[in-house]
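Comments concern the structure below.
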2 protein chains.
Amino acid sequence: MRSAAGARRPRPRARRGEGDRLRDEILDAAEALLLETGSADKVSTRAVASRVGVSSPSLYLHFPDRASLLFEVCQRQFDKLAALLAAACEGIDDPVDRLRAIGEAYCRFAIDNPQQYRTMMMDVVSGVAYEKDLDEIRAEVGFDIVYQAVVDGIEAGVFTSDQDPLLISFAFWCSAHGLVSLMIAKPSIGFGDPDALIEAVLGQTLDGVRAR
Amino acid sequence: MRSAAGARRPRPRARRGEGDRLRDEILDAAEALLLETGSADKVSTRAVASRVGVSSPSLYLHFPDRASLLFEVCQRQFDKLAALLAAACEGIDDPVDRLRAIGEAYCRFAIDNPQQYRTMMMDVVSGVAYEKDLDEIRAEVGFDIVYQAVVDGIEAGVFTSDQDPLLISFAFWCSAHGLVSLMIAKPSIGFGDPDALIEAVLGQTLDGVRAR
DNA sequence: TGTACATCAGTGAACGCGCGTTCACTGATGTAC
DNA sequence: TGTACATCAGTGAACGCGCGTTCACTGATGTAC
């Protein structure tokens, strides 16, 4: 816990029109706090302000309330995840390989950013109406590129055409999410090498949709 | 919110040795509160006491602290789930049918008791060292009976023997958990008929491990 | 270049709240005689 | 059966805490002249 009067000198006032600098610092601090405490409930306006080195009322110059701040922290994570997933499948033509790459990138993100993933996908962020409809979720968690890979795979004859591609995509997502959310929620289980487990579980799920 | 002085008359003192009556009422109230609020953080000692119609210090006659109370609430849920799963697969010889029955019962429990499932499997219950090791988890979430069904299935030649049965079991659990935890965490997605979705996702997962 | 003034980013103190927990206590129940 | 006493389940008041948010304010920055 670092106080405004502590090690760092008092922050210089933002110049006119530089308001976004503090705004970004607040978001960074909230994100860091979320990461360290592992719980959105612990990301209090006071803790965030103290970390930035600023009084807590000054958050209200940049966000209408705590819920909006937390919402935006999550939003930045979703943007990051979407970019990661898009990058992961870029240039991979084979639908099976592409699906595997997407799944691995998704799981990697979750394992590397467990507290963010928890907040995005597992928690009720208290006071935040963080309810997205299917279209938003589809874009944000990479559902669209999963779906596209599945459709391509069915067309190429490598995936079964017995099932609705939407359902196949969804089941794939369930596997990936189930795996990483268990690893995050129940670390005491002791999962061994995460990468090996990810590969094995995704591989098995992909086998389930192969054409036969 | 019902106060001690409210509608119900002041609760009669427990007789000597009847201390468990209030203890059970406290657990029931905490469980009900968890269900209604959907968040373990909201299950405060004061709210529980007020619901029972008792002063909050009296909780401390039955539980050393709030964390122990919450822990026991969760423990009762795990016991209930284990019993449900055992009942679900009773008398089903075919390993595939048995596995499907276990998975469906597991998902049903989660859908019917979303807040309890959330607390048991998705949340960090604040202040509760609710860390179980693999052996406990295996027993409590029905992992052992899943594993047995998989082993039986491999022996009977209906499941692939390419994979470690432990891994097959785990991937199955990932699917089921992933499905229900998404349904619980992101209700705004709009999942349609839950039973149909459960059947489809589990069926697809089972297809992934069929011998070919 | 110098001065008076306007702007507005950030502050310090305070609000009312609910929390977990402690403590000395009360008074109904049970028991010994 | 009646009485004095011991037990102990449950209480009321209080503790110190951190919270989200408000409000009147300060004082550095920028601007008009």
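First the proteins, then the strands, lettered A, B, ... as listed; each starts at 1.
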From the options [options], select the nucleotide whose nearest atom is closest to the side chain of [X].
| X | options | answer |
| --- | --- | --- |
| B:P57 | C:dC23, D:dG10, D:dT22 | C:dC23 |
| A:Y60 | D:dA13, C:dT11, D:dT22 | D:dT22 |
| A:S56 | D:dG12, C:dT21, D:dT21 | D:dT21 |

Nearest whole Å is fine: how far is [N] [atom2] from [X] [atom1]?
| X | N | atom1 | atom2 | answer |
| --- | --- | --- | --- | --- |
| B:L69 | C:dT21 | CG | P | 10 Å |
| B:L59 | C:dT21 | CG | P | 10 Å |
| B:L70 | C:dT21 | CG | P | 10 Å |
| B:R21 | D:dG10 | CZ | C1' | 13 Å |
| A:F71 | D:dG20 | CZ | P | 19 Å |
| A:L33 | D:dC19 | CG | P | 10 Å |
| B:L61 | C:dT26 | CG | P | 17 Å |
| A:R46 | D:dC19 | CZ | C1' | 6 Å |

Under 3.5 Å, is there a donor-acceptor pair between the B:Q77 and B:E31 side chains?
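B:Q77 vs B:E31: donor-acceptor pair found between side chains.
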
Donor on one side chain, acceptor on other, A:D152 and A:Q148, under 3.5 Å
yes

Need the pair for [N]. Rule: Watson-Crick or G-U wobble, both distances under 3.5 Å, any strand; none if unpaired.
| N | result |
| --- | --- |
| C:dC17 | D:dG18 |
| C:dC23 | D:dG12 |
| D:dG30 | C:dC5 |

Would you tell me if any nitrogen or oxygen in the side chain of [X] comes within less than 4.0 Å of OP1 or OP2 on [N]?
| X | N | result |
| --- | --- | --- |
| A:S58 | C:dT11 | yes |
| A:H62 | C:dG10 | yes |
| A:S44 | D:dC19 | yes |

Do A:D28 and A:R23 meet the salt-bridge criterion of a basic N to acidic O distance under 4.0 Å?
no

Under-4.0 Å salt bridge between A:E36 and A:R51:
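Looking at A:R51 together with A:E36, the answer is yes, because their closest N to O distance falls below 4.0 Å.
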
So does A:P64 get a backbone contact from the side chain of A:S68, meaning a donor-acceptor N/O pair under 3.5 Å?
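No: the side chain of A:S68 does not pair with the backbone of A:P64.
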
